[in-house]
Amino acid sequence: MHKVIIIGSGPAGYTAAIYAARANLNPLLFASSVEAGGDLMTTTDVENFPGFPNGIQGPELMLNMQQQAERFGADVRLEDVTSLELDGPVKKVHVGDETHEAQTVIFATGSAYRKLGVTGEERLSGRGISWCATCDGFFFKDKHLVVVGGGDSAMEEATFLTNFASAVTIVHRSESFRASAVMLERAKNNEKIDFITNATVTEAKGEEAVDALELTDTVTGESRDVPVDGLFIAIGSDPRTHLVHGQLELTDEGTIAVDGRSSRTNLPGVFAAGDVIDPTYRQAVSAASSGMIAALDAQHYLEALED
Amino acid sequence: MKNVTTSTFDADVLQAEKPVLVDFWAEWCGPCRAVAPILEEIDTEQDGLEIVKVNVDENPDLAQQYQITSIPNMKVFSRGAVVKDIIGAKPKAALEADLADFL
């Protein structure tokens, strides 16, 4: 039986693994097969993670975290957890046909990209509609793109896409932006970027590939079609909780409920960390800090069991 | 997995006797690098389907011809025609389910 199993491989999961490994808890970490490293794997420059005065590429940062965890003995597996039994003193983690048992589980599965939920989105996904600028920007050389969203990811994607596109329009539902001042300024100062505020995308149109978007004004309610070659969606993300539905309590915001500033869920021995418990900040730094809290909470729980 | 280029695409893919899965990928695409070892595994575990890869950076004309706008994009060709189109990296079990007809 393992002392600690960690599920998730973003900054929360890897930081939990670093702390747990250094406490000689020999953590086993399931990183997933195709999403190992989490959201930062599709990010380019990370400029707000302390310790990197010149910034660092997202994938490099995540590889560093993984190596740091492995250096202290964390067992990182590129496998997908398929189901969980979290009740009782022995937690069961199912990975396909295999079952792994642990005294504690740290759940750090992060969040999944939010969809617009409009007509045409599903059908045209991968056909001009994308969630990954670093993957797909290359295919839109000299094209006109729309990025929808008002946060840092939207600004970063729009700025990155100007490396390829002839013009990028940021569509945002209001006039106030969640993005940090530095990211917003950078986008505003970019000659290739323009803004349409107080508008939402209400339909994606096109036969084989997206060729127009229906935009609806959030103030007047009027709709119009805007021709585009591609649409990048960056409207945030939702906590990824499907593995624990019916087992862990959730908040009204859909995040996993934890006790105060701790990582303790409603089940003893089950801890949660990172974006999956955070409806507010969702930064690499806050996720890392949250992973540390979960590892220390798990350590204290295990110590209490021995007394 | 064999690397197919613009000049070998016809012989290796379009004229092939058995179905061929073409993985359109690029070095700078994280999800492409994540799914590559899974495709490698599937390739060695069965022989109903041959799996090859096309680097879109080095073969932009192929990417354009097949209207690739999102990678990884895995297309199954049978007798010269696209018979299956999978977009985005997926775990092995999900890919095998998508490809069940060919494995």
Side-chain angles (χ1 to χ4, degrees), chain A residues 9 30-44 57-63 78-82 95-97 113 122-141 143 145 160 163-165 206-211 228-233, chain B residues 1 21-45 51 53-76 81-82 84-100:
Chain A
S9 54
F30 290 103
S32 105
S33 60
V34 293
E35 291 179 293
D39 279 355
L40 285 172
M41 295 302 283
T42 55
T43 306
T44 52
Q57 295 292 302
E60 191 186 352
L61 178 62
M62 296 322 297
L63 189 64
L78 300 180
E79 295 170 10
D80 303 286
V81 171
T82 41
V95 178
D97 298 334
Y113 295 121
E122 203 66 44
R123 183 174 58 85
L124 295 168
S125 274
R127 295 175 171 80
I129 297 183
S130 172
W131 278 264
C132 178
T134 56
C135 305
D136 303 337
F138 170 82
F139 301 105
F140 296 92
K141 279 176 189 145
K143 306 281 189 185
L145 298 175
F160 175 79
N163 290 324
F164 308 99
E207 290 295 321
E208 293 293 306
V210 68
D211 58 24
V228 292
D229 301 306
L231 168 65
F232 286 75
I233 301 171
Chain B
M1 273 156 48
L21 181 149
V22 182
D23 172 27
F24 291 90
W25 75 290
E27 197 66 53
W28 32 258
C29 158
C32 299
R33 291 197 303 271
V35 82
I38 296 174
L39 292 172
E40 198 90 51
E41 273 182 42
I42 296 175
D43 190 34
T44 55
E45 287 167 4
I51 303 185
K53 53 186 179 177
V54 167
N55 184 320
V56 295
D57 227 356
E58 293 162 3
N59 303 280
D61 41 347
L62 281 177
Q64 196 168 9
Q65 185 181 345
Y66 289 99
Q67 297 180 317
I68 311 286
T69 57
S70 195
I71 52 174
N73 186 327
M74 295 151 273
K75 293 183 189 292
V76 179
V82 177
K84 185 89 191 172
D85 196 7
I86 303 168
I87 297 172
K90 294 181 182 187
K92 189 178 180 190
L95 274 179
E96 284 176 334
D98 282 351
L99 297 170

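Proteins get letters first, then strands, A, B, ... in listed order; numbering begins at 1 in each.
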Given heavy-atom pairs under 4.5 angstrom as the criterion, report whether the side chain, backbone, both or neither of B/A63 touches chain A.
side chain

Considering non-hydrogen atoms only, spot the tightest contact between A/V34 and B/A34 and give its length.
O-CB, 3.6 Å

Measure the spacing between CD1 of B/I71 and CZ of A/F138 and express it to the nearest 0.5 Å.
7.5 Å

Determine which donor-acceptor pairs between chain B and chain A fall under 3.5 Å and list them with their distances.
from	atom 1	to	atom 2	distance (Å)
B/T69	OG1	A/G126	O	3.0
B/T69	OG1	A/G128	N	3.2
B/S70	OG	A/D136	OD2	2.8
B/I71	N	A/D136	OD1	2.9
B/D85	OD2	A/R127	NH2	2.7

Sub-4.5 Å side-chain heavy-atom contact between A/C135 and B/P31:
yes

Most contact-rich option vs chain A, by heavy-atom pairs under 4.5 angstrom, among B/V35, B/I38, B/V56, is B/V56

